[in-house]
Protein chains: 2
Amino acid sequence: MAQSKSIYSREYGVFLDLLRAERLAARMTQIDLAKKLKETQTFVSKCERGERRLDMIETRRFCIAIGANYPEFAAKLDAAIEQSAAAKRIAPRR
Amino acid sequence: MAQSKSIYSREYGVFLDLLRAERLAARMTQIDLAKKLKETQTFVSKCERGERRLDMIETRRFCIAIGANYPEFAAKLDAAIEQSAAAKRIAPRR
DNA sequence: AGGAAATAGTCTATTTTGGACTATTCCAAA
DNA sequence: TTTGGAATAGTCCAAAATAGACTATTTCCT
């Protein structure tokens with residue numbers, strides 16, 4: 001099952017969705033990305049599933065490796081979180 | 001001494017400088033910020049010194065608590081890292 | 001179906017963290 | 001200058017997160 005361990009917040013989930021979408025948009029596999037980052041596939045997988053949190057700098061490195069613009073990524077993330085918060089307001093969870 | 005423990009890329013140092021600068025610009029103490037975040041002063045101190053990493057979402061929360069715009073923060077960070085990289089190119093470390 | 005590529009999951013030694021408490025630094029008023 | 005309080009840093013250690021080799025599953029072709 002997806003995301004069973006450590007992330008938690010809805011916001012972090014939005015981040016993960018965006019991160020993965022960017023890699024896929026660049027038509028890269030986790031192995032491709034891992035090589036560019038000089039990391040393992042396990043590492044990339046864990047990051048994308050939220051089992052390993054990414055800080056601002058690591059995320060920037062991901063963006064660079066993927067060929068995505070980091071400031072734009074952050075802006076998209078911010079907007080997407082706003083969206084998800086709005087959606088939650090309309091259809092509250094509990 | 002500052003930053004003797006865990007993070008410590010030049011980039012992360014740039015991030016920390018910016019994060020603290022934003023808090024100070026908002027004229028908030030670590031205790032003020034801690035209260036807004038519902039965290040302890042120790043936590044804020046550790047985050048600002050890089051003893052505790054902040055992920056993308058946590059950083060956004062910091063920005064919101066400080067009253068800073070997150071996408072702008074990311075853009076500033078990106079630019080500042082570029083700067084520091086350029087400086088390093090001119091005056092290499094080793 | 002069958003195989004290979006892609007991704008997820010497991011395991012454990014190592015590293016990071018949370019937060020109460022303590023120590024230090026800073027700085028303005030006396 | 002001293003002094004006192006505000007602000008920040010540092011300590012300790014049980015608990016939680018992480019790394020990465022290895023294995024298992026899932027996904028996609030043909």
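Only heavy atoms go into these numbers, but all of them, side chains included; no hydrogens, no water, no symmetry mates. All chains are named by letter (A, B, ...) in the order of the sequence lines, taking the proteins before the strands, and each is independently numbered beginning at 1.
- The residue A:Ser45 sits close to a base: some heavy atom pair falls under 4.0 Å.
- Under 4.0 angstrom from either OP1 or OP2 of D:dT8 there lies at least one side-chain N or O belonging to B:Arg23.
- With rounding to the nearest 0.5 Å, the separation of CD in A:Gln30 from CZ in A:Phe43 is 11.5 Å.
- Rounded to an integer number of Å, the gap from A:Gln30 CD to D:dT26 P is 15 Å.
- Remark: P of D:dG10 and CZ of B:Phe43 are 17 Å apart, rounded to the nearest angstrom.
- Between the side chain of A:Thr42 and the base of C:dG9, at least one donor-acceptor pair of N or O atoms lies under 3.5 Å.
- Distance, A:Glu51 CD to D:dT18 P: 8 Å, rounded to whole Å.
- Closest to the side chain of B:Arg20, from the set D:dA19, D:dA9, C:dT7, is D:dA9.
- C:dA8 atom P lies 12 Å from atom CG of A:Leu33, rounded to whole Å.
- With respect to B:Arg52 and B:Glu58, a salt bridge is recorded, a charged nitrogen being found less than 4.0 Å from a carboxylate O.
- You'll find that the side chain of B:Arg53 is closest to C:dT17, out of C:dT10, D:dT8, C:dT17.
- The listed nucleotides are C:dG19, D:dA7, C:dA8; the one nearest the side chain of A:Arg49 is C:dA8.
- Within the 4.5 Å cutoff, no side-chain heavy atoms of B:Met28 are placed close to those of B:Glu22.
- Side-chain contact between A:Asp32 and A:Thr29 is present, with heavy atoms from C-beta onward closer than 4.5 Å.
- Across all strands, A:Gln41 comes closer than 4.0 Å to base atoms (heavy-atom distances).
- Atom P of nucleotide D:dT8 and atom CG of B:Leu19 are separated by 13 Å, given to the nearest angstrom.
- Nucleotides of DNA chain D nearest to B:Ile31 and B:Lys46 differ in position, and the one nearer the 5' end is that of B:Ile31.
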**Request:** Quick one: do A:Val44 and A:Ile31 satisfy side chain to side chain contact (heavy atoms under 4.5 Å, CB included)? Show the steps, please.
**Result:** CA-CA 8 Å; A:Val44 173; A:Ile31 291 176; over 6 Å; no
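- When the P atom of D:dT18 is taken as reference, atom CD of A:Glu39 falls 13 Å away, rounded to whole Å.
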